[in-house]
Q: 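Before anything else, here's the structure in question.
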Amino acid sequence: MVTSVLSTTFKEAIIWATLFICLQIASPYPSEILDREREALVKSGWWSNLISTNSSDHCNWIGITCNSVASVTQINLGGEHITGELGNLNLSCFPNLEVLQLVYNNVSGSIPSQIGSLSKLRQLLLHRNNLTGSIPSELGSLRNLENLFLAYNHLEGPIPTILTNLTKLKTLSLFSNNLSGLLPTELGNLKDLTALDVGENNLIGPIPSSLYHLTNLTDLYLNLNRFNGSISGKIGNLKSLIHIYLSSNNLQGIIPNEVSQLTRAQDMDFSSNLFSGQIPFTIAKLSNLKFLDLSHNKLRGPIPVEICNCSSLLSLILRNNGLSGSIPPEIGRMILLENFDISRNNISGSIPKSLHSMSLNLSYNNLEGEIPINLRRNPPENFIGNKGLCSDLISDFHSCSKRYTLSLSAIRFIKIFLPVIIVLILIILGILVLLKPEDPELQTRAAMSRDVFSIWNYDGKITYNDLIEATEDFDIKYCIGTGGYGSVYKANLPDNKVVALKKLHHSETEELTFVNSFQTEAAVLSQVRHRNIVKLYGYCLHKTCMFLIYEYIERGSLFCVLRNDNEAVELDWIKRVSIVKGVAHALSYLHHDCSPSIVHRDISTSNILLNSELEAFVADFGTARLLHSDSSYITVVAGTHGYIAPELAYTIVVTEKCDVYSFGVVALEVLMGKHPGDLLLPSPFDPEMRLTDVLDQRLSPPMKRKVVEDVVLVTTIAFACLRSKPKSRPTMQRVSQELLSCKTPMPKSLHEISIAELRNRGRYLLDESMT
């Protein structure tokens, strides 16, 4: 019996020993190596705020995936607001790691050389962090790597040629860093590469011909660099391309006909280069093309009729070239076309009536004739700069019907009646002079008549007496506000129209500074035409009474509306985004569509007015300055405290970037409901602060995805505009375009988005002047 029991126990011991040995053989890594993985995770400090319990099983921690023997295979901590240096995580402790994903965080420091030990790594995703230093050559050891994302960091130096050892690589994304030097020709050896994104860096030299061997490429982003040379006809080899962006470089020569072989292409952006010659007619073969931007080049010749065969085209942008000829009527057949911009060219002829209702910009060409009625929803500024255009429906243009009649009448008048009338007038004046004794009062009136009183751009008649009677000689009860150099009065005219009068204070008519400001506002507003800029009807310039006459904006200043709880609630998120867009479009027009450019110099919520529909209008141009190309821009400091760009503290050189900064302040103030205050400071702030913490608490947070995306986009752009260095701020034209495109990646919910993240996001809005 005892012998039997001992025999059974011995057998069980043998079985357990065998199982233990088998488990040891099955697991290539002993427990101390697994413990080392856990210890590396703990020492990084990234999980200290992510672990709710003191679980010893790191495989259950957030973002950690393990294999069957508890070895870490994936680290996914995207958008978890982790901080500290990447080197804090000892990468050499993870021999089984296949995925390392730390996107949308605040990870800093350089990429450690230990990363070369991750021999099984397939995905390395480190974009949208604060990584510095160079790209380590050790990355070339990751022979299994398929996707490498290092975009939106601060990496510098050249792109190491050893990356061409990564023969399994499918995506290489280095966008928005400070990389320099040439693009390695060896990249052409990465035959499996489907996406190459090196945009927004400082890369130079020609585009390597070896890139045309990458026949699997679907995405090619070389934009916002300093590439030069021409595009080879071999680009036609890249038949898989869907998105190709070469904008904002120094590329020159012609656009080769071979681009027509990119039949899968949907987006093609060659803008802001030095391309010359004609637009290739073979582009008609690109039936899948949705977005084509050839603007800001030196293209010549006509718009090819064949382009109308691009039946999928949604946006066609050809502005700022030397294109000539007429607008092909066949463009009217492009029923999907939503955006057509040929401004600032030499296009002549009439506007085809076949064009359907779309957003189009035909300004600054040589067009003539009537503006078709179906295009009148476009703002007048999209037609200005064409002296021959007329319209019976758009008030900013002279009437087409009157133009012909007046021309015939003028000819008859000049030939027959004018000489007779002149003689009669001279005889009558002579008689009056001889018979009428001199009257002191008459002399006074004659002196006053020599002063300027001008009315223009108003549907009706205004006389000086009408304005004086309407305000009872500027009685205080008609005063609706006081500005920096005058008071504003509301005047109800006899025809029931309402206008606003800005009257210079009597004591200030003798001050040269105030008179100059008055004259500046009159000069500036008399030449601008934009739907979001207050319209000036006229002015009176007299030594005893100076005032401006402009359209009455019902709701008053944005500043006052935001500070009234009841009125602020009326401004929902959609209206607030619309206000920001309106101001951006107005400033873009002043900076880029006026010649010379106009800098407002005092953009603030006090100088933005709202009408009854809560649409925004930029007003108060008393400190505006015209920027001539040969001007030194030197002037005295002007503006409203809290909105003035920081560079004006140490320089008095004024550029458009001063308005960009002020716009950033206004954009944040609109979303926050109050002045952004400390958010303007470059000093460190609470890294845990969320966007929802600073949005106007009088409104419920936005819920609809489209509205959330718009709010995030406005905030991102605002922070980009607030950068301390003027050259690092985007232009208002770029801001206006971004707000029109409304492209905002939303990888997480509104409540998860931090202010720190939005500050970093805006780096893609790099000013083109820096490239």
Side-chain angles (χ1 to χ4, degrees), residues 75 77-79 82-89 91 99-118 121 123-142 145-166 169-187 190 193 195-205 208 219-227 245 248-249 720 723 725 727-728 745 756-757 759-767 770-771:
I75 299 177
L77 285 182
I82 59 176
T83 59
E85 296 192 1
L86 180 59
N88 291 346
L89 181 65
L91 297 175
V99 176
L100 177 58
Q101 192 263 104
L102 304 174
V103 304
Y104 282 102
N105 284 294
N106 197 28
V107 178
S108 58
S110 59
I111 301 174
S113 59
Q114 297 98 318
I115 203 164
S117 64
L118 304 178
L121 199 65
Q123 314 281 345
L124 180 57
L125 313 176
L126 302 177
H127 50 290
R128 294 190 181 276
N129 280 287
N130 290 313
L131 297 174
T132 55
S134 59
I135 299 176
S137 59
E138 286 79 5
L139 285 178
S141 303
L142 308 180
L145 200 63
E146 297 176 2
N147 294 301
L148 175 58
F149 285 81
L150 302 177
Y152 295 102
N153 280 289
H154 308 286
L155 300 171
E156 56 188 12
I159 298 174
T161 57
I162 199 168
L163 292 185
T164 58
N165 290 347
L166 309 179
L169 202 62
K170 295 180 180 178
T171 302
L172 176 59
S173 176
L174 306 175
F175 185 83
S176 191
N177 279 285
N178 299 313
L179 300 173
S180 58
L182 301 173
L183 194 62
T185 58
E186 292 83 357
L187 290 177
L190 302 178
L193 204 63
L196 175 61
D197 186 355
V198 295
E200 196 174 322
N201 281 287
N202 295 308
L203 300 173
I204 60 174
D219 299 88
L220 178 61
Y221 294 86
L222 305 180
N223 52 310
L224 290 160
N225 279 285
R226 290 184 289 164
F227 290 118
Y245 285 77
S248 300
N249 281 290
R723 295 193 188 105
K725 294 182 179 180
K727 286 188 176 181
S728 65
E757 177 184 335
R759 282 182 183 263
N760 292 330
R761 270 194 190 187
R763 294 189 66 247
Y764 77 96
L765 286 164
L766 184 68
D767 182 3
M770 298 182 66
T771 61

Q: Is there a side-chain contact between F227 and L222 in this structure, where contact means two heavy atoms from C-beta onward sitting under 4.5 Å apart?
A: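 Yes; the side chains approach each other to less than 4.5 Å.
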Q: Spell out, as yes or no, whether a donor-acceptor pair under 3.5 Å connects the side chain of N106 to the backbone of I82.
A: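 No; zero donor-acceptor contacts below 3.5 Å.
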Q: What are the two closest heavy atoms between T161 and E186, and how far apart are they?
A: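 Minimum heavy-atom separation between T161 and E186: CG2-OE1, 3.6 Å.
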Q: Nearest 0.5 angstrom please: L139 CG to L150 CG, how far?
A: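 Result: 7.0 Å between the selected atoms.
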Q: Could you pull out the closest heavy-atom pair between S141 and G116, with the gap in Å?
A: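 Heavy atoms of S141 and G116 come nearest at CB-O, 3.8 Å.
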Q: Determine whether a donor-acceptor pair (N or O, by modelled atom type, separation under 3.5 Å) exists between the side chain of N165 and the backbone of L163.
A: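 No; judged by distance alone, with no hydrogens or angles, the pair does not exist.
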Q: Is the backbone N or O of H154 less than 3.5 Å from a side-chain atom of N177, with the two atoms forming a donor-acceptor pair by type?
A: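 Such a contact is found between N177 side chain and H154 backbone.
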Q: State the CD-NE2 distance between Q101 and H127, to the nearest 0.5 angstrom.
A: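 Separation between the atoms: 7.0 Å.
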Q: What are the two closest heavy atoms between P208 and P184, and how far apart are they?
A: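 Closest approach of P208 to P184: CG-O, 4.4 Å.
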Q: Find the distance between CG (L124) and CD1 (I111) and round it off to the nearest 0.5 Å.
A: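 Answer rounded to 0.5 Å: 7.0 Å.
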Q: Going by atom types alone, do N130 and S108 pair a side-chain donor with an acceptor below 3.5 Å?
A: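 No - no donor-acceptor pair under 3.5 Å links their side chains.
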Q: How many angstroms lie between atom CD1 of I204 and atom OG of S180, to the nearest 0.5 angstrom?
A: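 One finds 7.5 Å between CD1 of I204 and OG of S180.
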Q: Apply the test side-chain contact (heavy atoms from CB on, under 4.5 Å) to residues L155 and L174: give CA-CA distance (whole Å), side-chain angles for both, the deciding distance (0.1 Å), then the verdict.
A: CA-CA 9 Å; L155 300 171; L174 306 175; 5.7 Å; no
Q: At their closest point, which heavy atom of L203 faces which heavy atom of L183, and how far apart are they?
A: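 Looking at all heavy atoms of both residues, the closest pair is CD1-CD1, 4.1 Å.
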Q: Between L126 and V107, is a side-chain contact (heavy atoms from CB on, under 4.5 Å) present by the stated rule, with each step listed?
A: CA-CA 9 Å; L126 302 177; V107 178; over 6 Å; no
Q: Could you walk me through whether T164 and L187 satisfy the side-chain contact (heavy atoms from CB on, under 4.5 Å) test, starting with their C-alpha distance in whole Å, then the side-chain angles of each, then the deciding distance to 0.1 Å, before giving a yes or no?
A: CA-CA 6 Å; T164 58; L187 290 177; 4.2 Å; yes
Q: State, yes or no, whether a side-chain contact exists between L102 and L89 at a heavy-atom distance under 4.5 Å.
A: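 No - every pair of side-chain heavy atoms lies 4.5 Å or more apart.
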Q: Nearest 0.5 angstrom please: L100 CG to Q123 CD, how far?
A: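 Answer rounded to 0.5 Å: 10.5 Å.
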Q: Taking the side chain as everything from C-beta on, heavy atoms only, tell me whether I135 gets closer than 4.5 Å to L179.
A: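 I135 vs L179: side chains touch.
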Q: Start with the C-alpha distance between L86 and N129, add both sets of side-chain angles, then the distance that settles side-chain contact (heavy atoms from CB on, under 4.5 Å), and finish with yes or no.
A: CA-CA 10 Å; L86 180 59; N129 280 287; over 6 Å; no
Q: Which class fits the ring pair Y221 and Y245: parallel under 30°, tilted 30 to 60°, perpendicular over 60°?
A: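 Rings of Y221 and Y245: parallel, under 30°.
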Q: Report the distance from atom CG of L190 to atom CG of L196, rounding to the nearest 0.5 Å.
A: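 Going from CG on L190 over to CG on L196, the span is 9.0 Å.
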Q: Heavy-atom distance under 4.5 Å between the side chains of K170 and N147, does that happen here?
A: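 Yes, close enough: below the 4.5 Å cut-off.
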Q: Is any side-chain heavy atom of L224 closer than 4.5 Å to a side-chain heavy atom of S248?
A: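 Yes. Closest side-chain heavy atoms under 4.5 Å.
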Q: Which atom pair, heavy atoms only, marks the closest approach of V103 to N105?
A: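 Closest heavy-atom pair between V103 and N105: O-ND2, 2.9 Å.
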Q: So, for A720 and R723, which heavy atoms are closest and what is the spacing to 0.1 Å?
A: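 Residues A720 and R723, closest heavy atoms: O-CG, 3.3 Å.
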Q: Is it true that a side-chain atom of D197 and a backbone atom of G199 form a donor plus acceptor pair closer than 3.5 Å?
A: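 Present.
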Q: Contact between T171 and E146 at the side-chain level, heavy atoms closer than 4.5 Å - yes or no?
A: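 T171 vs E146: side chains apart.
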